[in-house]
Amino acid sequence: MKSTIHSTAVLLVMFVLGCGQVPPGKGEGEVGSTAAGNTRFRVETFAGGLEVPWSIAFAPDRRVFLTERPGRVRVIENGKLRAEPLATLGDVVSEGENGLMGLALHPQFQSNHLLYVAYTYGEGNRVRVVRFRETKTALADRNVIIEDIPAATIHAGCRLRFGPDGKLYITTGDAARREQAQRLDSLGGKILRLNDDGTIPTDNPFVNQQRARGEIWSYGHRNPQGLDWQPRTNLMFDTEHGPSGFDGPGGGDEINIVEKGKNYGWPVIHHQQTKEGMESPLLEYTPSVAPASGMFYRGSAFAEFRGNFFFGCLRGRALVRVVLDGRKVVSQERLIDQSFGRIREVAEGPDGAIYFSTSNRDGRGRPAADDDRIIRLVPVK
């Protein structure tokens with residue numbers, strides 16, 4: 001289904017339609033197009049036989065690094081998945097929705113080979129971010145950047161991204177303890193901002209506030225797991241899982257424009273609710289689509305997509321494209337809908353192709369024989 005929308009009401013209807021159960025894998029090799037037909041693409045499997053790939057990062061030498069939730073860091077080189085992991089992290093606790101999740105390469109990775117990962121540890125009720133030096137065959141020089149971030153078997157956040165300012169941003173979930181999101185003395189339900197060595201930037205918004213954690217950039221988040229910056233404006237956008245029914249009304253997934261020191265409302269407000277001093281979402285999705293990632297397209301292979309925002313949907317089983325004009329939503333559509341099951345990560349490759357991962361082996365999907373996979377959209381002339 002392809003559709004263009006201009007209002008939240010129509011947007012909600014769009015995500016109710018076309019949600020039949022199609023076996024994952026249908027559509028492999030097929031050619032699709034945007035709703036307007038201006039851009040055509042072919043669907044290709046890039047790598048298969050994976051287990052819940054969570055993050056994808058492209059190195060300057062075109063190697064692909066990825067995390068698998070049970071605790072493995074994998075490498076795809078010259079288009080082929082290495083048989084053995086680059087590393088298996090022994091202190092990862094993988095249960096429920098959690099395990100080894102976030103991955104980011106240092107902006108100067110080409111010279112320093114520094115790689116960052118985020119994962120649950122202990123009894124699975126804490127998150128730590130660790131920096132390693134990649135040696136082509138292993139991960140060395142382990143250095144804990146931050147730890148003791150609240151977690152649970154759900155709502156751990158764990159997306160890692162370096163911003164245009166060179167700082168490391170970390171999303172954290174409320175760890176199923178919703179009141180933490182509003183507390184400035186807790187790291188739960190926040191977006192954090194750190195220097196690349198784990199120290200706290202002096203211009204963070206709460207550095208000099210008593211009983212507040214200096215690492216916090218924004219708060220009032222439930223479980224943000226997509227993060228990227230809009231080209232030209234450098235506005236930060238996030239995607240966030242809504243209440244889904246067990247801790248509030250169902251749905252309420254969000255896309256937010258995230259700004260320094262602001263409060264994004266959870267659990268005081270959610271869905272389209274408003275309250276003075278709190279930020280309502282740019283877009284909200286009911287019923288839930290479970291947005292698990294976020295990426296602005298900057299490449300040249302798909303000229304029409306430049307500056308568009310993409311995210312993968314787990315429950316919604318879709319790859320969604322959002323067309324923006326600065327802070328204004330122009331339109332959106334599902335480029336991939338129901339064909340590959342649960343879609344998690346989305347990333348732009350150095351070839352300009354759009355890569356996304358399936359999450360059908362996470363206990364909630366119906367795996368195809370070669371799941372989980374990394375799949376890509378390549379242009380068709």
Apply the test ring pair (Phe, Tyr, Trp, His ring centres under 6.0 Å) to residues Phe296 and Phe311: give CA-CA distance (whole Å), side-chain angles for both, the deciding distance (0.1 Å), then the verdict.
-> CA-CA 9 Å; Phe296 278 98; Phe311 63 93; over 10 Å; no
Testing the basics here: between [X] and [Y], what is the closest heavy-atom pair and its distance to 0.1 Å?
| X | Y | result |
| --- | --- | --- |
| Leu105 | Phe162 | O-CD1, 3.5 Å |
| Ser218 | Val258 | OG-CG1, 3.2 Å |
| Gly124 | Glu95 | CA-OE2, 4.3 Å |
| Glu254 | Pro291 | O-CG, 4.4 Å |
| Ser359 | Val52 | OG-CG1, 3.6 Å |
| Leu100 | Val117 | CD1-CB, 3.9 Å |

Side chains of [X] and [Y]: does their closest heavy-atom pair fall under 4.5 Å?
| X | Y | value |
| --- | --- | --- |
| Gln332 | Val323 | no |
| Thr34 | Arg321 | yes |
| Gln272 | Pro281 | yes |
| Val127 | Thr172 | no |

Look at the side-chain heavy atoms of Ile, Leu, Val, Met, Phe, Trp and Tyr, link any pair under 4.5 Å apart, and say whether [X] and [Y] land in one connected group.
| X | Y | value |
| --- | --- | --- |
| Leu314 | Phe356 | no |
| Leu50 | Met101 | no |
| Ile191 | Ile149 | no |
| Ile374 | Trp54 | no |
| Trp217 | Leu192 | no |

Run the side chain to side chain donor-acceptor pair (under 3.5 Å) check on Gln230 and Thr233 step by step: do they pass?
-> CA-CA 6 Å; Gln230 187 178 49; Thr233 70; 2.6 Å; yes
Taking the basic N atoms (NZ, or NE/NH1/NH2) and the acidic carboxylate oxygens, is any pair closer than 4.0 Å for [X] and [Y]?
| X | Y | value |
| --- | --- | --- |
| Glu97 | Arg69 | no |
| Lys260 | Asp203 | no |
| Asp165 | Lys167 | no |
| Glu304 | Arg306 | no |
| Glu345 | Arg159 | yes |
| Glu68 | Arg361 | no |

First locate atom [atom1] of [X], then atom [atom2] of [Y], and finally report the distance between them rounded to the nearest 0.5 Å.
| X | Y | atom1 | atom2 | answer |
| --- | --- | --- | --- | --- |
| Asn38 | Phe302 | CG | CZ | 13.0 Å |
| Leu194 | Leu168 | CG | CG | 6.0 Å |
| Asp228 | Phe309 | CG | CZ | 7.0 Å |
| His270 | Lys275 | NE2 | NZ | 12.5 Å |
| Phe58 | Glu348 | CZ | CD | 9.0 Å |
| Arg376 | Asp351 | CZ | CG | 6.0 Å |

Between [X] and [Y] (side chain of the first, backbone of the second, donor and acceptor by atom type, cut-off under 3.5 Å), is there such a pair?
| X | Y | value |
| --- | --- | --- |
| Gln182 | Glu179 | no |
| Arg211 | Asp185 | no |
| Ser280 | Gln273 | yes |
| Asn223 | His241 | no |
| Asn204 | Gly214 | yes |
| Asp253 | Val289 | yes |
| Asn195 | Asp197 | no |
| Lys190 | Arg183 | yes |
| Thr67 | Gly102 | no |
| Glu134 | Leu114 | no |

Kindly determine whether Arg126 and Asp148 satisfy salt bridge (Lys or Arg N to Asp or Glu O under 4.0 Å), including the steps that lead there.
-> CA-CA 5 Å; Arg126 289 290 184 270; Asp148 205 29; 2.5 Å; yes
Flag yes if more than 12 heavy atoms outside Asn208 fall under 6.0 Å of its CG atom; otherwise flag no.
->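 Counting other residues, nucleotides and ligands, CG of Asn208 stays at 12 neighbours or fewer.
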Regarding Glu240 and Asn256, is there a side-chain donor-to-acceptor distance under 3.5 Å anywhere?
->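 Looking only at side-chain atoms, Asn256 and Glu240 do form a donor-acceptor pair, the distance falling under 3.5 Å.
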Does one side chain, of Asp174 or His221, offer a donor that lies under 3.5 Å from an acceptor on the other?
->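 Side chains of Asp174 and His221: no pair found under 3.5 Å.
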Go through the steps for Val43 and Ile375 under the test side chain to side chain contact (heavy atoms under 4.5 Å, CB included), then give the verdict.
-> CA-CA 7 Å; Val43 183; Ile375 297 164; 3.6 Å; yes
NZ or CZ of Arg222 within 45° of Trp266 ring axis and under 6.0 Å |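 Yes, Arg222 sits over the ring of Trp266.
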Under the side chain to side chain contact (heavy atoms under 4.5 Å, CB included) rule, what do Val64 and Phe46 come out as? Steps first, then yes or no, please.
-> CA-CA 11 Å; Val64 185; Phe46 181 66; 4.1 Å; yes
State yes or no: are the ring centers of Phe305 and Phe310 separated by less than 6.0 Å?
->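 Ring centroids of Phe305 and Phe310 are less than 6.0 Å from each other.
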Side-chain donor/acceptor pairs under 3.5 Å, residues 81-91, sequence neighbours excluded:
unit_1, atom_1, unit_2, atom_2, d
Arg82, NE, Glu77, OE1, 3.2
Arg82, NH1, Lys136, O, 2.9
Arg82, NH2, Glu77, OE1, 3.1
Arg82, NH2, Lys136, O, 3.3
Asp91, OD1, Tyr119, OH, 3.2
Asp91, OD2, Tyr119, OH, 2.6
Asp91, OD2, Arg128, NH1, 2.8
Asp91, OD2, Arg142, NH2, 3.1

Can Ser331 and Glu333 be said to form a side chain to side chain donor-acceptor pair (under 3.5 Å), step by step?
-> CA-CA 7 Å; Ser331 65; Glu333 63 179 334; over 6 Å; no
Under the salt bridge (charged side-chain N to carboxylate O under 4.0 Å, His left out) test, which residues partner Asp362, sequence neighbours left out?
->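 So Asp362 forms a salt bridge (charged side-chain N to carboxylate O under 4.0 Å, His left out) with Arg342, Arg344.
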Salt bridge (Lys or Arg N to Asp or Glu O under 4.0 Å) between Asp141 and Arg131: does it pass, once the steps are laid out?
-> CA-CA 8 Å; Asp141 301 339; Arg131 186 181 74 187; over 6 Å; no
Of Trp229, Tyr116, Phe237, the residue whose pairing with Tyr169 passes ring pair (Phe, Tyr, Trp, His ring centres under 6.0 Å) |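 Among Trp229, Tyr116, Phe237, the one that satisfies the ring pair (Phe, Tyr, Trp, His ring centres under 6.0 Å) with Tyr169 is Trp229.
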